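To start, the structure itself, in structure tokens.
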Number of protein chains: 2
Amino acid sequence: MNQFTREEIEAERVDLGEIETTLGFLLRMAQLRAFAHFFRVSEVGLKPGALTVLWVIALNPGLRQGAIARRLMIKPAHMTKLVRAMVDDGLVERYVPPNDRRSVRLSLTKAGKALYERSCGEMHAIHRAERGTLNDREYTDFVALLRKFAGIGAPP
Amino acid sequence: MNQFTREEIEAERVDLGEIETTLGFLLRMAQLRAFAHFFRVSEVGLKPGALTVLWVIALNPGLRQGAIARRLMIKPAHMTKLVRAMVDDGLVERYVPPNDRRSVRLSLTKAGKALYERSCGEMHAIHRAERGTLNDREYTDFVALLRKFAGIGAPP
DNA sequence: CGGAGATTGTTTCCATGTAAAGTATTTTCA
DNA sequence: TGAAAATACTTTACATGGAAACAATCTCCG
């Protein structure tokens with residue numbers, strides 16, 4: 001019984017209606033795809049969020065953690081946890097300047113720098129994997145549109 | 001003291017390097033923007049995920065919840081919680097067919113249908129808000145690229 | 001038939017992310 | 001000056017989402 005009745009077959013056909021043309025929905029699907037690409041090629045063991053923070057500290061040593069959080073749209077509470085985890089992992093150092101003892105300035109430890117160097121090599125693989133099936137033109141357009149939509153200024 | 005030293009001013013300038021050209025990062029930024037748009041116009045009180053599920057049930061009454069979850073890329077464990085919450089809210093009904101008593105088929109209650117009707121009216125506002133600063137051409141291209149990147153077939 | 005294996009959904013436990021209140025410090029201005 | 005407000009981060013308490021193990025049911029095939 002229940003051997004592929006017409007109802008059963010149709011039951012798997014899911015009509016999404018207008019949702020399928022909604023940017024919110026499409027962005028979620030795209031992000032899931034991007035995550036899959038990332039985890040397929042990444043070997044440094046950091047998740048996208050932590051790797052991004054590591055990268056930004058490497059490029060901007062001594063920056064206040066709040067400045068990084070604002071720029072990456074990470075909420076302060078979450079930033080605190082991310083930083084603590086990275087400090088616990090021996091990747092990041094916190095420095096409280098006597099200047100302003102409320103703030104925390106971040107820099108990489110030796111191990112953090114080493115991981116950053118390794119991740120640089122991975123960047124190319126990540127970019128390549130991320131492009132997926134998009135050709136050069138599509139990729140360029142996609143990046144430009146994402147930047148415009150997200151309200152990020154033109155690339156430097 | 002600490003009156004806008006050069007260091008202080010530069011300290012807020014955050015160099016993102018290649019991260020800024022990474023699809024993963026840009027997609028996250030874009031999604032945050034889309035969320036902001038959504039919450040700015042939506043009045044039905046459902047979050048994007050729940051509204052999407054409500055919408056899909058409305059369009060496909062009697063569908064198994066697993067089929068919906070797979071299509072929306074929602075993990076089964078999460079789908080169980082979403083459905084339970086919507087049942088508790090009196091929006092959704094579960095029906096276990098004697099046919100196959102493992103499965104659960106979903107449909108909207110009267111209140112669920114009413115909410116769906118209201119959300120239909122909102123759809124236009126959501127679409128409009130979502131476009132943000134993109135013009136017609138950009139919007140069309142953006143949707144097409146998102147679909148291609150996410151691996152979703154051409155629109156119906 | 002009847003047990004092995006597949007399917008469907010649920011539970012438990014954990015990671016991620018946020019909101020709101022709390023702490024410490026610095027700035028402002030009456 | 002010194003009290004009020006602003007800033008920078010942390011803590012707590014909670015919401016969201018996932019992985020893995022579990023339970024129930026169904027299918028397949030000897």
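It should be emphasised that the depicted structure is a prediction, and the values quoted were computed from it without experimental measurement. Sequence lines set the chain letters: A, B, ... in the order given, protein chains first and strands last, and positions in each chain run from 1.
- Screening residues 109-127 of chain B for side chain to side chain donor-acceptor pair (under 3.5 Å) gives A/Thr21-B/His127, B/Ser42-B/Glu122 as the qualifying pairs, with residues at least two apart or on separate chains.
- For A/Phe142, the ring-ring contact (aromatic ring centres under 6.0 Å, His included) test picks out B/Phe149, with sequence neighbours left out.
- Whole-Å rounding puts the B/Met73 CE to D/dG18 C1' distance at 14 Å.
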Residues 75-87 of chain B side chain polar contacts: donor-acceptor under 3.5 Å, at least two apart:
| from | atom 1 | to | atom 2 | distance (Å) |
| --- | --- | --- | --- | --- |
| B/Thr80 | OG1 | B/Pro76 | O | 3.2 |

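- Following rounding to the nearest Å, B/Phe35 (CZ) and C/dG17 (P) show an atom-to-atom distance of 12 Å.
- One interatomic measurement links the two molecules: CG of B/Leu72 to P of D/dG17, which rounds to 12 Å at whole-angstrom precision.
- Contacts between residues 48-59 of chain B and DNA chain D, defined by a heavy-atom separation below 4.0 Å, involve no residue at all.
- Checking side-chain atoms of A/Asp89 against main-chain N and O of A/Leu91 turns up no donor-acceptor pair under 3.5 Å.
- In this structure, A/Arg101 and A/Ile74 both approach DNA chain C, and ranking their closest nucleotides by distance from the 5' end singles out A/Ile74.
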Its contact letters, B for base, S for sugar-phosphate only and - for none at protein heavy atoms under 4.0 Å, make nucleotides 1-11 of chain D read ------BSSBB

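- Not a single side-chain hydrogen bond (donor to acceptor under 3.5 Å, both in side chains) links A/Asp88 to another residue, sequence neighbours left out.
- Remark: B/Pro97 engages B/Tyr95, B/Asn99, B/Ser103, B/Arg105 in a side-chain contact (heavy atoms from CB on, under 4.5 Å) (not counting sequence neighbours).
- When the side-chain contact (heavy atoms from CB on, under 4.5 Å) test is applied to B/Arg40, the partners found at least two apart in sequence or on another chain are B/His37.
- By the side-chain hydrogen bond (donor to acceptor under 3.5 Å, both in side chains) test, A/Arg71 is found to be paired with B/Glu20, residues two or more places apart in sequence or in another chain being considered.
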